[in-house]
Amino acid sequence: MALTGRAALLAALGSIPVGVLEPGWTGILAVNGPLALACACDYALAAPVRRLLLTRSGDTSTRLGDTADVTLTITNPSRRPLRARVRDAWPPSSWQPGTEIESSRHRLTVPPGERRRVTTRLRPTRRGDRQADRVTIRSYGPLGLFSRQGSHKVPWTVRVLPPFTSRKHLPSKLARLRELDGRTSVLTRGEGTEFDSLREYVPGDDTRSIDWRATARQSAVAVRTWRPERDRHILLVLDTGRTSAGRVGDAPRLDASMDAALLLAALASRAGDRVALLAYDRRVRALVQGRSAGDVLPSLVNAMAGLEPELVETDARGLTATALRTAPRRSLIVLLTTLDAAPVEQGLLPVLPQLTQRHTVLVASVADPHIARMARARGDADAVYEAAAAAQAQSERQRTAEQLRRHGVTVVDATPEEVAPALADAYLALKAAGRL
């Protein structure tokens, strides 16, 4: 039978029978003098681990679902070559399931006085900060019989940001915003719009927009165009209480709410409005305010990266008081929360007048698409019962939404894929109506 290099050496030294030898053996059952000498020499010739110099470089942030490359530079200051296996340990959520061994383990050889680099590719499965654990190095001698092993702490942090999947809707919403800005005709006027310019009347224009004085001075009928006022204040309020922890599809409701908030923030900042963020359950989890238009989106993404749902009931009174302190001027307050009956009726409704008397309030909620599928189910008794339960749940959400609307609140209730564009449309509708 063919022998590996290590097996042939041991067989030649007469330590143990050839048939017992395996390439991955971890101990020696019987040792004679020559073999002991060979092992001692192999151990002595292995490069020392503790003297190695390790540094990191590479990515410090990535979006959820993308990859991040972190490079580990290993310098060998000794006079012996380093033949090593390296394990670059990170938290389990730093990789897709089943890929950790392939991504974190490396083989390398570093000649004396030189350095080599190995790259660990991360693909995180959760938002937040992923911090490097220890680097474990196993240094082998030239025969591979014995090894030295040690660990080094080489700190590095990769911040995993929200994915912002709804940015694909931004071009279409910006096109609608350009219409509202007067680059195309705007036929509506409200408290939050101001005169922009005159243009010639075309069939279909609102006759209330005709400027009769200007028409009398020229041969054509002139109409006024209006553009929404800029520099409005928008406060995005993320409810991070227990209801935001409910999973809708593959992610918590909070993730879909954050995605919707990012799309609205990107749109509003392009519209010249000032955007702030408040994340709250029983205390402030994140607060972003006073950012410029160019800096607001990166600031929001960075603040949202570490947010996680808290398994506590949201303090609606504390949330309202904090929102009022954060938005002293008249603002659009966008509350991303649940439409479940109990939290709204017992928590939000009693304090809602404090918000609506000073601000325009918009409530956005993430609906479970599984409920809609259950409502359409038919075929057997179980399916009918599920459909009845789903219909009852939908009816309760609609009743809760109607209660909010009676208080003057705009309500958006949509599935995770639809809530971001629906919220952006609601913002544009309020802007077009002059309600901001």
Residue pair Thr119 / His106, side-chain donor-acceptor N/O under 3.5 Å: no
Exam field: side chain Thr320 to backbone Ala316, donor-acceptor pair closer than 3.5 Å: yes
Exercise: do Ser151 and Thr136 side chains pair donor with acceptor under 3.5 Å: yes
side-chain contact (heavy atoms from CB on, under 4.5 Å) between Thr71 and Val118, worked out: CA-CA 6 Å; Thr71 299; Val118 293; over 6 Å; no
N-O pairing of Arg282 and Asp315 below 4.0 Å: no
Residue pair Leu335 / Leu238, side-chain heavy-atom distance below 4.5 Å: no
Shortest non-hydrogen contact from Thr314 toward Gly241: OG1-CA, 3.3 Å
Side chains of Asp295 and Ser292 in contact at under 4.5 Å (non-hydrogen atoms): yes
Non-hydrogen side-chain atoms of Val363 and Thr410 separated by less than 4.5 Å: no
Lys/Arg N to Asp/Glu carboxylate O, Glu100 vs Arg87, below 4.0 Å: yes
Separation between CZ of Arg285 and CG of Leu278, rounded to the nearest 0.5 Å: 12.0 Å
Distance-minimising heavy-atom pair for Thr400 and Ala341: OG1-CA, 3.7 Å
OG1-OH distance between Thr322 and Tyr280, expressed to the nearest 0.5 angstrom: 4.0 Å
N/O donor-acceptor pair under 3.5 Å between Trp95 side chain and Arg121 backbone: yes
From CA spacing to verdict: side-chain contact (heavy atoms from CB on, under 4.5 Å), Leu108, Val86: CA-CA 8 Å; Leu108 80 164; Val86 179; 3.3 Å; yes
Donor-acceptor contact below 3.5 Å, side chain Arg115 vs main chain Leu53: no
Note, Thr109 side chain near Leu82 side chain (heavy atom, < 4.5 Å): no
Steps toward side-chain hydrogen bond (donor to acceptor under 3.5 Å, both in side chains) verdict (Thr62, Asp66): CA-CA 6 Å; Thr62 185; Asp66 293 343; 4.7 Å; no
Distance-only side-chain donor-acceptor flag, Asp281 / Thr240, under 3.5 Å: yes
Member of Lys431, His233, Arg232 meeting the side chain to side chain donor-acceptor pair (under 3.5 Å) criterion with Asp273: Lys431
Atom pair CZ (Arg85) and CD1 (Ile137), whose distance is rounded to the nearest 0.5 Å: 14.0 Å
Pro369 and Val248, any side-chain heavy atoms less than 4.5 Å apart: yes
Close side-chain approach of Thr243 to Arg253, heavy-atom, < 4.5 Å: no
Carboxylate-amine/guanidinium proximity below 4.0 Å for Arg242 and Glu313: yes
Any donor-acceptor N/O pair, Trp156 side chain to Asp59 backbone, under 3.5 Å: yes
Donor-acceptor contact present, side-chain His152 to main-chain Val49, <3.5 Å: yes
Worked check of side-chain contact (heavy atoms from CB on, under 4.5 Å) between Leu430 and Leu332: CA-CA 9 Å; Leu430 290 172; Leu332 170 64; 3.9 Å; yes
side-chain contact (heavy atoms from CB on, under 4.5 Å) assessment of Leu277 paired with Leu287: CA-CA 6 Å; Leu277 170 73; Leu287 179 62; over 6 Å; no
Side chain proximity check, Asp340 to Glu396, heavy atoms < 4.5 angstrom: no
Audit row: Asp425, Lys173, salt bridge (charged side-chain N to carboxylate O under 4.0 Å, His left out) steps and yes/no: CA-CA 8 Å; Asp425 288 338; Lys173 305 309 174 187; 2.7 Å; yes
Passing option when Leu262 is tested against Leu297, Leu236, Thr165 for side-chain contact (heavy atoms from CB on, under 4.5 Å): Leu297
Within-4.5 Å side-chain heavy-atom neighbours: Ser139 and Gln149: no
Pair Arg159, Thr60: side-chain N/O donor-acceptor within cut-off below 3.5 Å: no
Arg56 side, atom CZ; Thr157 side, atom OG1 - distance, nearest 0.5 Å: 10.0 Å
Short side-chain to backbone donor-acceptor contact, Ser94 and Leu122, under 3.5 Å: no
Whether Arg148 side chain and Ala46 backbone form a donor-acceptor pair below 3.5 Å: yes
Atom of Pro416, atom of Ala367 and distance for their closest heavy-atom approach: CD-O, 3.3 Å
Note: Asp88-Arg105 ion pair, threshold 4.0 Å (strictly below): no
Neighbour count above 12 (heavy atom, 6.0 Å) for His407 NE2: yes
Minimal non-hydrogen separation, Arg247 against Pro252, with atom names: NH1-CD, 3.8 Å
Any donor-acceptor N/O pair, Arg127 side chain to Met304 backbone, under 3.5 Å: yes
Modelled atom types, side-chain donor and acceptor of Ser166 and Asp259, under 3.5 Å: yes
Gap separating the CZ atom of Arg329 from the NE2 atom of His359, nearest 0.5 angstrom: 11.0 Å
Closest approach of Ala132 to Val154 (non-hydrogen atoms, all atoms of both residues): CB-O, 4.0 Å
Test item: Arg123 side-chain N/O and Gly65 main-chain N/O as donor-acceptor pair under 3.5 Å: yes
Atom of Ala303, atom of Val288 and distance for their closest heavy-atom approach: CB-CG2, 3.6 Å
Neighbour count above 12 (heavy atom, 6.0 Å) for Gln357 CD: yes
Ser365 and Arg397 side chains, donor-acceptor separation under 3.5 Å: yes
Side-chain donor or acceptor of Arg63 paired with backbone N/O of Pro162 under 3.5 Å: yes
Glu345/Arg399 salt bridge by N-O under 4.0 Å criterion: yes
